[in-house]
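Below: one structure, written as structure tokens.
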Amino acid sequence: MWGVASSVCMSLASDLALKELEAQGALEGLSKKEAKQKSSGAAREKALALSAAVAARIEAEGSFKTVEAVNGYINITFDENAVAARLLSEVLAAGADYGQGAPKSGRVMVEHSQPNTHKAFHIGHLRNTMLGIAVSNILAAAGYEVLQATYPGDIGMHVIKCLWCYECFHAGEEPADPTMRGRWLGDIYAESDARLSYRKEVLAFLHLLSKEDQEFVAAIDRLLKLLWRKNTEGEDIAYLLGRLTTQTEINADQLREQDVIAKFWPIIGDFLRDAVANPKPYVPVEGVPEPTTTPEERLATWEDLNQHIDWWVPSQGWQDQVKATFARWEKQEPAIVKLWEETRAWSLSDFERIFNEVGARFDVWFFESQVEDEGKEIVRELLDKGIAEISQGLPVVKIDEKLGLTTETYRTLPILRSDGSSLYATKDLALTKRKLVDYGVDRAIWIVDVRQSLYFEQIVKVLELWGFEQARQAAHVPYEMVVLPDGVISSRKGNVPLYEEIRDQVLARAREIVREKNPELAPGKQELVARQVGLGSLKYAMLARDNNRIVTFDLEEALSFEGHSAPYIQYAHARASRILEHSGSTIEELAAKAGTVDFGVLSAEELALLQAMAAFPGEIEKSAAEYRPLLIATYVYELAKSFNEFYHDHPVLKAEEPVRTARLVLVAAVRRVLANALGLLQIDAPDEM
RNA sequence: GCGCCCGUAGCUCAGUGGAUAGAGCGCUUGCCUCCGGAGCAAGAGGCCACAGGUUCGAGUCCUGUCGGGCGUACCA
């Protein structure tokens, strides 16, 4: 049955019941709540009576197939075959455009995919890229003119660090395979980060030991005396001893001989190994907080740091070397600029390859390096206009103050470093101005993770203060991070799941499954299907979770092509394609017959499919309004599920006419909508798999 | 301190005021002589974190509490 239900009688009845009891004086002396409780029983009876009466009146009209009153609801049904014929004709006539909304005014620019050059493109970036593509597709389907923009971070402190590390430790090196250069550069960056944070980590570890390991503190005296015998320098040891026993942080600058730590280091390892080998029960001490780490964890941290203990002494000068490299960049020294250009191109060619692979097509490529100078000019302009001011030695916009807010809301946005170099905000102001002015964008959208929510609110407010009316429509689409089952993605912990590595594993698994499930397929076709299914699965995993949910990336789950996944949906599409292929009719022939379909009495499964297809344009609207691809991801899964249920229970090719034709038309329409919805998610719909 | 997000089945998640709260995974059990079993069907599994409130009606809206995560002037 196809129809609508109305709860109007329920609310009417509740009003009526209350008024009647009031008139009778039955509510005298009762509190509001008691009165309502008393009336609710009466309301239910009234709703039943009312709905029955209203249903009888509507039925008498004769415009509907059936009209019934159930539980106080009025249920109305339509002539199913007539409605089905209209819908199926519409779907098949529109084809790839079914779901496409009427053109809407307003040019939208979706900025997404802001990976940093000189760093690895990882699974977290994939979520951003997929969200950006899907939001763009959905907005376009809703009728907007959409431009997609990418904004690689090709300059900044991370680039300088990477260049420093390359020059000092890897000059002239280059991987043999040119497609590996970007990834290799990412490793260099990770190494620079590890080198530069090494001192801090060692000191933090010593501090942690002194705080958490009472045995260690007790043993320090003995340990250091041991060291004393090997080392003539006593002053540094006294310093270390003092710091560790009083559990205060160590300042490496206070050491006269840098190698004291390195000499002390193996002795700590001996102690930690002994503590693990001969465990002692934990005895709580009054006033001492419980340790947050176990002896095993402490030993593991020591082992990690021990791999690079030879960094300790030279690392003293590394920070200064990085500063010097930065100065060379600021002066645009030719050698460093050349190195930057060369290495930047390595990363960008990786990005292009990845974007191409996942179907990201950009109308505009912005680069941070392009908007630096413009940004600095804007800072001057904002200062001149009195929107920005110098505070604590740097230009800032005190937003709350400028807006006259007394409660802390937008706070203060620094727009340039005190040394005159640019910040992210410096560049974003210039970039957004460019979008609004040069590209005539009415609505600028940023797909950026949720941690930058406050930052984008600040940018929008500064643009408004600056006088850009369009800023009111600008929108940050926040989304949560991708984490791993064992914690956050961290280059330090070395647990960064690179996109290309994950992709390789997913494709390998997909090839295996295709060979197993469909061995007759030609090898070339197998490879194509493996890519469609493998990449589809990966993409769907990124989109089938709401924006504000943290995605825990589980490789095992990504490698599973069953259940709630892209392959499930693609399989439904392939089955529909096969049925049509065997039908002897073309899509065009079926489309021509759509207006006269006769299902006889519609089954629940057929009805579910028709209703789902009718809902598609509305789902697009909603998804576009809320920037939520999840709605489409859920929708297309449910449509596929309904289709699987349908063809299992109802023969199509073997059905008697006219039902056979009606069902074929239905299959053709469902196949179309499945493909269209998958298309919004940038997922392919294979005809066989 | 202030602000934002999350808390629903063993696990991962849908459900943005309506009828008996749903999927997937995992577990138990059926279904390939029938358009392809990447599938279908059935079963077990829930004080929707807690406490108030608004409403005829609350997983959904409001207030508070607890637990977890993230922001909060020179990182991006």
Side-chain angles (χ1 to χ4, degrees), chain A residues 5 7 9-18 33 36-37 39-44 46-47 70-73 114 116 153 156-158 368 391-398 407-409 411-419 421-428 448-455 457-458 478 480-481 483 488 513-514 516-518 533 537 544-552 554 556-557 560-565 567-572 574-576 578-583 622 626 630-631 633-634 637-638 641 644-645 647-649 651-655 663 667 688-689:
Chain A
S7 62
C9 293
M10 319 267 263
S11 41
L12 274 175
S14 124
D15 278 355
L16 270 173
L18 206 59
K33 190 179 169 181
K36 271 173 187 156
Q37 272 173 350
S39 70
S40 79
R44 189 178 155 73
K46 278 216 172 309
V70 181
N71 281 340
Y73 288 78
Q114 305 93 340
N116 286 324
M157 218 46 210
H158 71 278
E368 285 188 32
S391 167
Q392 295 174 27
L394 68 154
V396 302
V397 180
K398 294 189 172 173
T407 51
E408 181 179 272
T409 310
R411 298 164 180 265
T412 296
L413 179 69
I415 54 177
L416 201 64
R417 284 203 191 92
S418 50
D419 66 0
S421 61
S422 67
L423 288 166
Y424 203 66
T426 321
K427 293 173 264 193
D428 248 332
V448 179
D449 77 74
V450 66
R451 293 180 302 189
Q452 268 128 86
S453 291
L454 173 61
Y455 168 75
E457 284 174 26
Q458 293 176 321
E480 268 291 356
M481 310 304 298
V483 304
V488 291
I513 304 254
V514 173
E516 174 195 320
K517 302 271 185 192
N518 204 345
V533 168
S537 179
R545 212 133 292 181
D546 217 341
N547 301 358
N548 60 0
R549 304 303 290 231
I550 294 170
V551 168
T552 305
D554 187 343
E556 280 311 306
E557 214 173 281
S560 161
F561 300 143
E562 287 167 12
H564 190 172
S565 66
Y568 176 93
I569 303 159
Q570 291 169 317
Y571 179 73
R575 293 298 302 271
R578 179 55 55 91
I579 291 171
L580 293 170
E581 188 189 318
H582 287 170
S583 73
K622 202 160 117 188
E626 299 175 6
L630 166 73
L631 300 184
T634 304
Y637 170 71
E638 280 169 2
K641 193 169 166 60
N644 280 336
E645 288 165 16
Y647 76 70
H648 266 277
D649 288 352
V652 176
L653 298 177
K654 291 185 177 155
R663 287 184 181 164
V667 170
E688 53 184 341
M689 57 189 273

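Below, chains carry the letters A, B, ... as their sequence lines are ordered, and counting in each starts from 1. Note that the structure is a prediction, hence the values are computed from the model and not measured.
- Counting to the nearest Å, the C1' atom of G36(B) and the NE2 atom of H648(A) are 9 Å from each other.
- Both T412(A) and Y455(A) sit near RNA chain B, but only T412(A) has its closest nucleotide nearer the 5' end.
- The gap from the P atom of G15(B) to that of C5(B) amounts to 16 Å, rounded to the nearest Å.
- Using a cutoff of 4.0 Å between basic side-chain nitrogens and carboxylate oxygens, E638(A) and K641(A) are not scored as salt-bridged.
- Regarding the sugar-base torsion, C32(B) falls in the syn class, its angle being within 90° of 0.
- Aromatic ring orientation, H564(A) versus Y637(A): parallel (interplanar angle below 30°, classes split at 30° and 60°).
- Side chain of R417(A) to backbone of L423(A): no donor-acceptor contact under 3.5 angstrom is found.
- The same atom, C1', is picked in C11(B) and in A73(B); the two are 42 Å apart, to the nearest Å.
- Within the 4.0 angstrom heavy-atom criterion, no nucleotide atom of any strand lies near S560(A).
- Within 3.5 Å, no donor on the side chain of E562(A) pairs with an acceptor on the base of G24(B), nor the reverse.
- Whole-Å rounding puts the H564(A) NE2 to C13(B) P distance at 13 Å.
- Remark: the S453(A) side chain and the C4(B) base include no donor-acceptor N/O pair separated by less than 3.5 Å.
- Across the C1' atoms, G22(B) and G46(B) are found 11 Å apart, a figure rounded to whole Å.
- Comparing the P positions of C61(B) and A42(B) gives an interatomic distance of 32 Å, to the nearest angstrom.
- Note: CG (D554(A)) to C1' (G24(B)) measures 13 Å, nearest angstrom.
- Atom CZ in R545(A) sits roughly 14 Å away from atom C1' in C6(B) (whole-Å rounding).
- G24(B) and A9(B) have their C1' atoms separated by 12 Å, with the value rounded to a whole Å.
- Along RNA chain B, the nucleotide nearest S391(A) and the nucleotide nearest Y571(A) are compared for position; the residue whose nucleotide lies closer to the 5' end is Y571(A).
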- Item | Dot-bracket summary - RNA chain B, pairs being Watson-Crick or G-U whose distances fall under 3.5 Å, with | when paired to another strand | (((((((..((((....[...)))).(((((.......))))).....(((((..]....))))))))))))....
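- Taking atom C1' on both C47(B) and A58(B), the two are 15 Å apart, rounded to the nearest angstrom.
- Below the 3.5 angstrom threshold, one finds no donor paired with an acceptor across the side chain of S565(A) and the base of A38(B).
- In this model, the phosphate group of G37(B) is approached by a side-chain N or O of R575(A) to a distance below 4.0 Å at OP1 or OP2.
- For the C1' atoms, the distance from C75(B) to G39(B) is 50 Å, rounded to whole Å.
- When the C1' atom is compared between A51(B) and C66(B), the two are found 11 Å apart, to the nearest whole Å.
- Atom NZ of K641(A) is separated from atom P of G22(B) by 13 Å (rounded to the nearest Å).
- Contact annotation: R549(A) side-chain N/O to A14(B) OP1/OP2 distance is under 4.0 Å.
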